[in-house]
2 protein chains.
Amino acid sequence: MRIGELGKATGVDIETIRYYEKAGLLPPPARMPNGYRAYRPVHLERLAFIRHCRALDVPLAEVKRLLDFVAHPEADCGDINQLIDEQLGRVRARLKSMRALEKQLAALRAQCQVGNSAANCGILHELVAAANGEACACHGAVAKPGFRKGSLSR
Amino acid sequence: MRIGELGKATGVDIETIRYYEKAGLLPPPARMPNGYRAYRPVHLERLAFIRHCRALDVPLAEVKRLLDFVAHPEADCGDINQLIDEQLGRVRARLKSMRALEKQLAALRAQCQVGNSAANCGILHELVAAANGEACACHGAVAKPGFRKGSLSR
DNA sequence: GAACACCCCGTAGCAACTCCGGGGTCAAGC
DNA sequence: GCTTGACCCCGGAGTTGCTACGGGGTGTTC
């Protein structure tokens, strides 16, 4: 199986496949006499696993860890639980802040009627006012629950 | 106001401030005789505006556009509406996929009891099985959260 | 023998920072 | 006078997860 076929079978871009190989996630396949990569079913399986994890937004570094678990099935799966829990925690935190974000944006959007000039634009006024509120250390006035003010995920 | 003070006042990392200047979002301030950047209140305001937008996940390129609106208040604010709408659309799409993701992860987490070896780990089995289901081009398989192939938004 | 699809490789680019190394500046303390 | 430490300067590289580019080789078909 050449790289293009593997790509088609999994829906993964060729460049991405080579990237995974360079990154150490996909083992380097054998080569055909002409230098082309020769993939076997095991690669397809592994690539599908990687993509499935990525679709779950698991970072590549953790996919690597998961692959290690697959390779060493005698390990304790408590670590896997922890890995998933961490990921779940990240996702939930992000979800929470995104819900707040959606609310803010929707409120912002409601500030403005079409046809105004920017000088009267409620959105712009709101943004500027909110920014001033934050800058003057009136923390909590604008950004309410679960919303990270000033400092972004840092 | 030196860069460190500005950073403290806004909660923004010094490197980030310099980065914004290089990126053209923050106008280059005057310099003191010793070469230090000398910021004025207008910079603080503008930086706060940028950070507020970033907290709303507005990309820097669009923050730039917003700043242009602030600078040219005679422009039509319909464009601002559109900008916010686009952002809102992105956030809602992302929100949707994240909700699905959270469900999947939670289901995955429920597969495993602590104390198993990885060989019996339900999570690992589920991941591998789901990946296989996808790899075999059973695209469009419905997500029956029991066994068999899990379908992901991809 | 030319067109075309496919493959190789290394490098650079994207966002939005973050960190590093090497150096200059300035006030306080001994 | 000299050192310590906090602050500042700059350019460049590193981060994550790809994606694109350029310049070349290979293999099949018309």
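So you know, we letter chains A, B, ... as the sequences are listed, proteins then strands, and number each from 1.
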Nearest-Å distance, [atom1] ([X]) to [atom2] ([N])?
X: B:Glu21; N: D:dG11; atom1: CD; atom2: C1'; value: 14 Å
X: B:Tyr39; N: D:dC7; atom1: OH; atom2: C1'; value: 14 Å
X: B:Leu6; N: D:dC7; atom1: CG; atom2: P; value: 15 Å
X: B:Lys64; N: C:dA15; atom1: NZ; atom2: C1'; value: 13 Å
X: A:Ile3; N: D:dG27; atom1: CD1; atom2: P; value: 16 Å
X: B:Ile14; N: C:dC17; atom1: CD1; atom2: P; value: 16 Å
X: B:Arg2; N: C:dA27; atom1: CZ; atom2: P; value: 9 Å
X: B:Asp13; N: D:dC7; atom1: CG; atom2: C1'; value: 14 Å

A:Ile3 reachable from A:Tyr36 in the ILVMFWY side-chain graph, under 4.5 Å edges: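 They do not share one cluster, since no chain of ILVMFWY contacts under 4.5 Å joins A:Tyr36 to A:Ile3.
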
Phosphate oxygens OP1/OP2 of [N]: is one of them under 4.0 Å from a side-chain N or O of [X]?
X: B:Arg37; N: D:dC10; value: yes
X: A:Thr16; N: D:dT19; value: yes
X: A:Arg51; N: D:dC18; value: yes
X: B:Asn34; N: C:dC26; value: yes
X: A:Arg54; N: D:dC18; value: yes
X: B:Arg18; N: C:dA16; value: no

Polar side-chain atom of B:Glu5 near backbone of B:Arg2 as donor-acceptor pair, under 3.5 Å: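 Yes; judged by distance alone, with no hydrogens or angles, the pair exists.
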
Quiz item: A:Tyr20 side-chain donor-acceptor pair to D:dG17 base, under 3.5 Å: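 Side chain to base: no pair present.
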
Side-chain donor/acceptor of B:Glu15 to base of C:dC19, under 3.5 Å: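 Per atom types, the contact qualifies.
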
Over 12 non-hydrogen atoms of neighbours within 6.0 angstrom of CZ in A:Arg40: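 Result for CZ/A:Arg40: open.
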
Among D:dC18, C:dC9, D:dC8, the one nearest A:Tyr19 by side-chain distance: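 Of all the options, the side chain of A:Tyr19 is nearest to D:dC18.
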
Nucleotide of D:dT26, D:dG17, D:dC8 approaching A:Tyr36 most closely (side-chain heavy atoms):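 Minimum distance to the A:Tyr36 side chain belongs to D:dT26.
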
Short side-chain donor-acceptor distance under 3.5 Å, A:Arg46 and A:Tyr39: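 No, no side-chain donor-acceptor contact under 3.5 Å.
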
Distance-only donor-acceptor check, side chains B:Arg54 and B:Tyr20, under 3.5 Å: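 Judged by distance alone, the side chains do not pair up.
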
Sugar-phosphate only, base, or nothing, as touched by A:Lys22 at under 4.0 Å among non-hydrogen atoms: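 If one applies the 4.0 Å heavy-atom cut-off, A:Lys22 turns out to touch a base.
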
